[in-house]
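It should be emphasised that the depicted structure is a prediction, and the values quoted were computed from it without experimental measurement.
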Amino acid sequence: MEVEAHHYSPIMDAILMEIRIRPIFGQRVDESAVEGNIEKLKKVLEVYESRQSSSRYLAGDFISLADLNHVSTILCLGITPYRSVLDAYPRVRAWWDCLRARPAVRRVSDLMNTSVKNDLK
């Protein structure tokens with residue numbers, strides 16, 4: 001959770017602010033800020049990829065808050081043009097697919113998709 005709080009979340013917050021929040025308020029997206037933060041995110045995902053060579057989840061072979069803390073931001077990233085960033089990291093992709101298959105995560109995803117559809121109306 002330390003990595004998530006100090007390395008992952010600030011990067012994801014910056015990316016999502018640019019590509020999800022600014023447009024809602026009619027503001028211009030700073031593409032260079034997005035690209036720079038995507039590169040930073042890739043470095044964090046490399047750490048996650050390495051970590052998951054020895055365990056199924058981030059904190060071991062059991063799901064924990066460390067994993068669940070990532071759900072909302074990865075779901076948000078999944079409805080952007082940058083959704084494929086996880087594809088370069090097969091263990092991270094498998095971890096995410098496992099999380100995404102959980103009933104609670106599917107429910108949150110369904111709720112988010114409904115919200116996005118309403119935003120587009």
Side-chain angles (χ1 to χ4, degrees):
M1 286 181 54
E2 182 78 16
V3 171
E4 186 265 340
H6 295 287
H7 299 281
Y8 173 84
S9 286
I11 294 166
M12 286 297 286
D13 290 349
I15 292 168
L16 296 174
M17 175 61 79
E18 288 296 331
I19 57 180
R20 293 288 299 142
I21 306 301
R22 288 190 186 281
I24 290 171
F25 293 102
Q27 298 174 353
R28 185 182 67 75
V29 173
D30 182 347
E31 294 295 337
S32 65
V34 174
E35 292 298 328
N37 280 298
I38 290 291
E39 291 306 311
K40 291 177 188 177
L41 176 62
K42 289 176 181 178
K43 291 182 186 340
V44 174
L45 294 176
E46 288 172 12
V47 172
Y48 286 16
E49 184 76 8
S50 175
R51 173 73 181 116
Q52 290 177 319
S53 67
S54 61
S55 65
R56 184 172 179 191
Y57 296 100
L58 293 176
D61 289 327
F62 52 89
I63 193 164
S64 71
L65 190 54
D67 303 292
L68 297 176
N69 277 345
H70 290 75
V71 169
S72 62
T73 54
I74 296 177
L75 285 172
C76 287
L77 188 67
I79 55 176
T80 74
Y82 299 94
R83 66 184 146 271
S84 65
V85 73
L86 298 182
D87 294 344
Y89 309 92
R91 290 181 185 111
V92 172
R93 178 90 247 171
W95 163 76
W96 172 242
D97 290 343
C98 182
L99 286 176
R100 193 177 57 195
R102 297 179 68 80
V105 174
R106 284 196 317 262
R107 179 69 179 130
V108 170
S109 178
D110 290 347
L111 290 170
M112 288 177 68
N113 288 332
T114 301
S115 175
V116 169
K117 289 175 187 170
N118 289 336
D119 287 347
L120 297 175
K121 288 184 179 181

Query raised in the report: Yes or no on salt bridge (Lys or Arg N to Asp or Glu O under 4.0 Å) for Asp110 and Arg106, after CA distance, side-chain angles and deciding distance?
Result: CA-CA 6 Å; Asp110 290 347; Arg106 284 196 317 262; over 6 Å; no
Query - Side-chain heavy-atom pair Pro23, Arg28 within 4.5 angstrom cut-off - result: no
Query raised in the report: Do Arg56 and Trp95 come close enough that some side-chain heavy atom pair is under 4.5 Å?
Result: no
Check: residues 37-44 side-chain donor-acceptor pairs under 3.5 Å, at least two apart:
| residue | atom | partner | partner atom | Å |
| --- | --- | --- | --- | --- |
| Asn37 | ND2 | Ala33 | O | 2.9 |
| Glu39 | OE2 | Lys42 | NZ | 3.2 |

Report task. Would you please indicate yes or no on a ring centroid separation below 6.0 angstrom for His70 and Tyr48? Result -> yes
Requested in this report: For the residue pair Leu86 and Ile74, establish whether any side-chain heavy-atom pair is separated by less than 4.5 Å.
Outcome: yes
**Report entry** Tyr57 vs Arg51, side chain to side chain contact (heavy atoms under 4.5 Å, CB included): CA-CA, chis, key distance, verdict
**Finding:** CA-CA 9 Å; Tyr57 296 100; Arg51 173 73 181 116; over 6 Å; no
Query raised in the report: Are the side chain of Glu18 and the backbone of Asp30 linked by a donor-acceptor contact shorter than 3.5 Å?
Result: yes
Query raised in the report: Does the side chain of Arg22 pick up a donor-acceptor pair with the side chain of Gln27 at under 3.5 Å?
Result: yes
Query raised in the report: Is there a donor-acceptor pair under 3.5 Å between the side chain of Arg83 and the backbone N or O of Thr80?
Result: yes
Query - 4.5 Å side-chain heavy-atom contact, Leu58 and Asn69 - result: no
Query raised in the report: Are Glu46 and Val92 side-chain neighbours, meaning at least one heavy-atom pair lies under 4.5 Å?
Result: no
